[in-house]
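Structure, as structure tokens:
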Amino acid sequence: MPSKSSARLAALTVAAACSAASTIVLTVPAHADSVRVHDIQGSTRTSPYAGKQVTDVPGIVTGVRTYGSSRGFWIQDPNPDADAATSEGVFVFTGSTPKGVAVGDSVTVGGTVSEYVPGGTASGNQSLTEITKPAFTVLSSGNQLPAATTVSARSVPAAYAPDGATDANGSIDALPLKPAKYALDHYESLEGMTVQVADTRVVGATDPYTELWVTVKPHENRNRHGGTVYGSYDAQNTGRLQIQSLGATADFPKANVGDTLAGTTAGPLDYNQFGGYTLVASELGTLEPAGLKRETTHKQRSSELAVATYNVENLDPSDDTFAAHAAAIVNNLKSPDIVSLEEIQDNNGATNDGTVAADKTLTKLIDAIVAAGGPKYDWRSIDPANNADGGEPGGNIRQAFLFNPERVSFTDRAGGDATTATSVTKIRGKAHLTLSPGRVAPADEAWKNSRKPLAGEFVFRGRTVFVIANHFNSKGGDQGLTSRYQPPSRNSETQRHQQATLVNAFAKDILDTQKNADVIALGDINDFEFSQTAKLLEGRGELWSAVKSLPRSERYSYVYQGNSQVLDQILISPSIRRDCDFAYDSVHINAEFNDQISDHDPQVLRFRP
């Protein structure tokens, strides 16, 4: 018989705290008789009891969350029904740290059933069924916990989500759950229940918020480092699952992609704003490192021009990463002849005082490169108008060129500034830029609150090479893969499509002027190699994304929510591509590591002009 805890037999009432995210409730709560958890959860994503008062809901406490803005505890009914679509677990939101309740307690709970939307309704996230403003009675303590449900390659369907087309807004909220057919339905049918995974491979490194991603499908689009490659909108990699911890953050493993959480990881299945379905672990597997090493590219031959793109993530003089970035450029990238940098901040970083110059930032990086044994790079850039290019307020991020003057020269043509556009002219039958460095169509609406492309004219072994450095509009504001709207909308694409069209038109101007010109467009494109953005940037053969020269399993520069994906690209003109006399390398030094100095991996192209 379970032991009694007489000190905690009284009903305990805890008021719910306010939350910044959205909670869907009826204006006047109706009353409901005593119900079970599976009645509350129902067989769709939203509870049939939403907005109603419930009483005497029985369950065993399976987890208690004492931190963050969403404090409370989970209960699970030890006597499940026969319907696979109805979850037997639910979160009881107390707002403040729950008192007088512990794992293993048998309780009855009353309160208001609510649908809480992490991130707010505008986020497009699914809602989480909760009991709010609860009053609960502890009946006994030390009870055996309900058995954890195993989430595995066998249990998770291959299809990702139902189509929301039957709803005018594209919502899947009202659709009956089909947990044997769709992965999102399968996870939803386990919402609030204790689940477990075993011997799972890490596909998203531990981040500063003590989260990581694993896969329960070890063969799903695997790359040689152990990551899961995102290769199309139709393959969302259903085996991915986010892991957090109910324990101390200091005890959370510092994992890299390819590591394994050996043994059992178990806890309630939650849904949060950043990543959707999340196993909040009360039991964590043991980290078994795979020994992932940072990659090193080949040194260019004397006859080869090496061009790289590298997003250095809001670099400013106050950062402590200059030596690490310098070592990466010298040792891992082998000192490319030209390096296009993204996210170079101004001289005082996020201090919002009107400063726009970045000469101190660039000089500090160049000095660090020399100290690391690299060349004394020169640089070119154009200062943006204050707070006009997006990014961190006050930071004034921009693209900048580093170049090795012992290997390549820069053709300077004065007059380029934040608002003046460079264009293409013909001199003695050859294409030239009117301004170098210069910005591409900076006044166009496509670049509103976004980074303007930086174009420059270089000369290597007597041949001119045009380089266009880009940092397209971010994906911020897009609906997540686990959105209540399926397929999720990608509103940020609209601006990237406009930007891609303009950059392609500029490259086309160069090639129309000089058919055999060497043109490179590169940078943080913020979109995939298979995306419409990439297709518009490529145009009708003016440019081609060289990352597609790699095997599909090697095409990635960024890891997001356990998906290894392409965001950074180098696109080349036909004169460079024609003879296939080039080499492309996505140099994996950051995205797969928990101690990354940037969230992007640099890309390197080597070719003979």
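Quick caveat: nothing in here was measured; it's all calculated off a predicted structure. Computed over heavy atoms, backbone and side chain alike; hydrogens, waters and symmetry mates excluded.
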Tell me if a side-chain donor or acceptor on [X] pairs with a main-chain N or O of [Y] at a distance below 3.5 Å.
X	Y	value
Tyr49	Ser114	no
Asp478	Asn491	yes
Glu313	Asp599	yes
Asn125	Pro118	yes
Ser87	Glu191	yes
Asn504	Thr501	no
Glu130	Val90	no
Thr265	Gly263	no
Ser232	Asp234	yes
Asp39	Arg36	yes

Please tell me whether [X] and [Y] have a donor and an acceptor in their side chains that are separated by less than 3.5 angstrom.
X	Y	answer
Tyr277	Glu188	yes
Glu115	Ser127	yes
Thr129	Ser47	no
His225	Tyr556	yes
Asn256	Glu592	no
Gln196	Thr150	yes
Ser586	Asp601	no
Gln244	Glu211	yes
Asn594	Thr206	no
Ser96	Arg71	no
Thr112	Lys52	no
Thr210	Asp207	no

Exercise for the section: Could you walk me through whether Trp447 and Phe472 pass side-chain contact (heavy atoms from CB on, under 4.5 Å), step by step? Expected result: CA-CA 8 Å; Trp447 308 111; Phe472 282 7; 4.0 Å; yes

Practice task
Please say whether the positively charged group of Arg490, taken as NZ for Lys or CZ for Arg, lies over the ring of Tyr233, i.e. under 6.0 angstrom from the six-membered ring centre and within 45 degrees of the axis.
Solution key: yes

Handout entry: Arg555 to Phe528 six-membered ring, cation-pi geometry met (6.0 Å, 45°)
Key = no

For the [atom1] atom of [X] and the [atom2] atom of [Y], what is their distance to the nearest 0.5 Å?
X	Y	atom1	atom2	result
Ser557	Asn590	OG	CG	10.5 Å
Leu269	Thr149	CG	OG1	10.0 Å
Ser483	Tyr485	OG	OH	7.0 Å
Thr86	Asp77	OG1	CG	10.0 Å
His497	Asn473	NE2	CG	10.5 Å
Ile75	Phe91	CD1	CZ	11.5 Å

Do [X] and [Y] come within less than 4.5 Å of each other through their side chains, counting heavy atoms only?
X	Y	answer
Asp251	Ser245	no
Asn272	Gln242	yes
Thr286	Leu261	no
Asn314	Ile397	yes
Asn563	Arg240	yes
Asp185	Arg45	yes
Val64	Val103	yes
Asn223	Ser564	yes

Practice task
Applying ring-ring contact (aromatic ring centres under 6.0 Å, His included), run through Phe136 and Phe73 and close with a yes or a no.
Solution key: CA-CA 11 Å; Phe136 54 87; Phe73 58 92; 5.1 Å; yes

Name each donor-acceptor pair under 3.5 Å that joins a side chain in residues 171-184 to protein atoms two or more places apart or in another chain, with its distance.
{"from": "Ser171", "atom 1": "OG", "to": "Asp173", "atom 2": "N", "distance (Å)": "3.0"}
{"from": "Asp173", "atom 1": "OD2", "to": "Arg484", "atom 2": "NE", "distance (Å)": "2.9"}
{"from": "Asp173", "atom 1": "OD2", "to": "Arg484", "atom 2": "NH2", "distance (Å)": "2.3"}

Completion exercise
Partner of Asn237 under side chain to side chain contact (heavy atoms under 4.5 Å, CB included), picked from Val203, Thr228, Val229, Leu481, is Thr228

Practice task
Quickly, which of Glu538, Arg496, Gln569 forms a side chain to side chain contact (heavy atoms under 4.5 Å, CB included) with Thr533? Name it, please.
Solution key: Arg496

Practice task
Decide yes or no on ring-ring contact (aromatic ring centres under 6.0 Å, His included) for His588 and Phe593, but give the supporting numbers first.
Solution key: CA-CA 9 Å; His588 304 304; Phe593 295 87; 9.3 Å; no

Exercise for the section: Given side-chain hydrogen bond (donor to acceptor under 3.5 Å, both in side chains), test Tyr116 with Ser70 step by step and report yes or no. Expected result: CA-CA 10 Å; Tyr116 164 75; Ser70 186; 5.3 Å; no

Exercise for the section: Assess whether side-chain contact (heavy atoms from CB on, under 4.5 Å) is satisfied between Glu288 and Asp259, documenting all intermediate values. Expected result: CA-CA 6 Å; Glu288 291 186 352; Asp259 293 349; over 6 Å; no

Handout entry: Val151 and Leu190: CA distance, side-chain angles, deciding distance, side-chain contact (heavy atoms from CB on, under 4.5 Å) verdict
Key = CA-CA 10 Å; Val151 177; Leu190 301 173; 4.0 Å; yes

Handout entry: Phe530 CZ: over 12 foreign heavy atoms closer than 6.0 Å
Key = yes

Practice task
Just do the salt bridge (Lys or Arg N to Asp or Glu O under 4.0 Å) check on Arg451 and Asp524 with the steps written out, would you?
Solution key: CA-CA 10 Å; Arg451 284 69 58 184; Asp524 181 358; over 6 Å; no

Exercise for the section: Could you walk me through whether Gln499 and Leu502 pass the side-chain contact (heavy atoms from CB on, under 4.5 Å) test, one step at a time? Expected result: CA-CA 5 Å; Gln499 294 172 344; Leu502 284 174; 5.9 Å; no

Exercise for the section: Only counting residues at least two apart or in another chain, list the ones meeting side-chain contact (heavy atoms from CB on, under 4.5 Å) with Arg224. Expected result: Glu295, Glu554

Handout entry: Check against side-chain hydrogen bond (donor to acceptor under 3.5 Å, both in side chains), His471 and Glu342
Key = CA-CA 7 Å; His471 187 182; Glu342 298 87 51; over 6 Å; no

